[in-house]
Amino acid sequence: MSKLQPVRGTRDLFGEDAERFAHVVATFERLARAYGFRGVDTPIFEFTELFARGIGETTDIVSKEMYTFEDRGGESLTLRPEFTAGLCRAYLSNGWQQLSPLKLAAHGPVFRYERPQKGRYRQFHQIDAEIMGVAEPQADIELLALAAHLLDELGLAGKVQLEINTLGDTPSRLAWREALVGYFGRHEAALSEDSKTRLHKNPMRILDSKDEGDRALVADAPLLDRFLSAEAGAFFETVLKGLESVGVPYVVQPRLVRGLDYYCHTAFEFTTTHLGAQGTVLAGGRYDGLIEQLGGPATPAIGWAGGIERLGMLVDLPAAPRGPITVVPMGEASQLAAVGLTARLRRAGFVVEQAFRGNLKKRLSRASDMGAPAVLILGEDELARGEVILKDLATGAQQAVALDQVETALAVYRD
RNA sequence: GCGGCCGUAGCUCAAUUGGUUAGAGCACUGGUUUGUGGUACCAGGGGUUGGGGGUUCAAGUCCCCUCGGUCGCCCCA
């Protein structure tokens, strides 16, 4: 291997990988527009403070996974580990309250310092959808409908499952959390080492543990139901009914929680069993308190993010587009004429490439490799006659075409 | 951050118990055909065996460190 390695956890996107990636993004952007979302781009770095306050100091993401650095002016900056905090900041910075309710769609790189694995990178990419300023469960339903629709369009309907839960409103969540701390605290000795840590940092995560001993305890752990307020319960019911109405299948997963502090009410994950340990492909939830916590007015909001690499690994490769019609000059005098012809055809809207190296065999071979449907051979003889040879590479048939009639003859190869 | 497995040409892989100049297919370049592709045949270029150190008469092969990948944990998209 070369000494020039990419940074650990990063990779170069090219060829098939790039096509899969672009396919996911293009499908997302098309659907987001159809659902009335507006595209937005925010910086890939923000003040560290934003993420620390927004996501939660004790979360793994903030406490050990951020790319944080001091710039030359002495400011502590952080490469974004997720989209939501930055979008909320933009919402407040730009006074987008006036546009509320606001539906936003974004995509781009995010950064987390984790141990890389398949489907897990240090620079990875997300598509992201957020609805800000809507307290009604209709926003939850619409956002989930978009997610499900996207996964359908990507051909993943059979490969993913929607798991959903409610984390309740703040009072119910706090009461539940306290009950969990009490319960697991009484059984602390029996907990796994990881869960002992979770007990103090993020007790709800114990519910997600894969440790067998933990699972036995989790089975008898208090459920949110007991603490769920009537309003929060009704809210969740409405969301579930909405999903049924929209035709989105789901599984209620009472132990589903989220790792970021700002979530409340609806929490969900689309998971797959096709990616090994990296099962989550798209996930999100409601975060009614976040914008206020960042110093803005109380603003209900909900959003999700999907991993482009993970989705890309699951989708079937989109059909390869037809290659370019290839202009093949032979002889020095033809070279200039070919450049002109190529430019003329490109401006006329054709997808055109030139093959100007090697012998004719080589040039045709290259055109063939690129998937060219046809080549235009322009030699000295043809040039003298004011013609070009049009050869169809699928059939092998070729014919002489007057130079000023090329566009017409190529009409059948238009996309 | 923890544990396991792996690392030979651009790609996929060979290389007896450690034993001469590390091989093959695909790809690439040239030729058979100085102007006719997808087939065939011929020839050629390409490697400090991820990197560093050690053991040995001798290391791709054994040991240590390191870098990277991968699987599981953790976490998450």
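Each chain gets a letter, A, B and so on, in the order its sequence line appears, and its residues count up from 1.
- The stretch residues 8-37 of chain A touches RNA chain B through A:R8, A:G9, each having a heavy atom within less than 4.0 Å of the strand.
- For residues 124-134 of chain A, proximity to RNA chain B is found at A:F124, A:Q126, defined as any non-hydrogen atom under 4.0 angstrom from a strand atom.
- Summarising the base pairing, B:rA43 is matched to B:rU29 through a Watson-Crick or G-U wobble pair whose two defining distances lie under 3.5 Å.
- Remark: A:F47 engages no residue in a ring-ring contact (aromatic ring centres under 6.0 Å, His included) (not counting sequence neighbours).
- Within the structure, every pair that satisfies the salt bridge (Lys or Arg N to Asp or Glu O under 4.0 Å) test and touches residues 26-35 of chain A, not counting sequence neighbours, is listed here: A:R30-A:E153.
- With B:rG37, B:rC74, B:rC28 as the choices, the nucleotide that has an atom nearest any side-chain atom of A:D369 turns out to be B:rC28.
- Shown for residues 374-391 of chain A: residues whose heavy atoms fall under 4.0 angstrom of RNA chain B, namely A:I377, A:G379, A:E380, A:D381, A:E382, A:I389, A:K391.
- Figure legend. B:rA24 is base-paired to B:rU12; pairs are counted as Watson-Crick or G-U wobble with both atom distances under 3.5 Å.
- Out of B:rG30, B:rC74, B:rG38, the shortest distance to the side chain of A:K362 is found at B:rG30.
- With respect to A:R20 and A:E309, no salt bridge is recorded, no charged nitrogen being found less than 4.0 Å from a carboxylate O.
- The residue A:L282 sits close only to the backbone: its heavy atoms come under 4.0 Å of sugar-phosphate atoms, none of a base.
- When heavy atoms are screened at a 4.0 angstrom cut-off, A:Y121 is found touching base atoms of the nucleic acid.
- For A:H125, the ring-ring contact (aromatic ring centres under 6.0 Å, His included) partners at least two apart in sequence or on another chain are A:F21.
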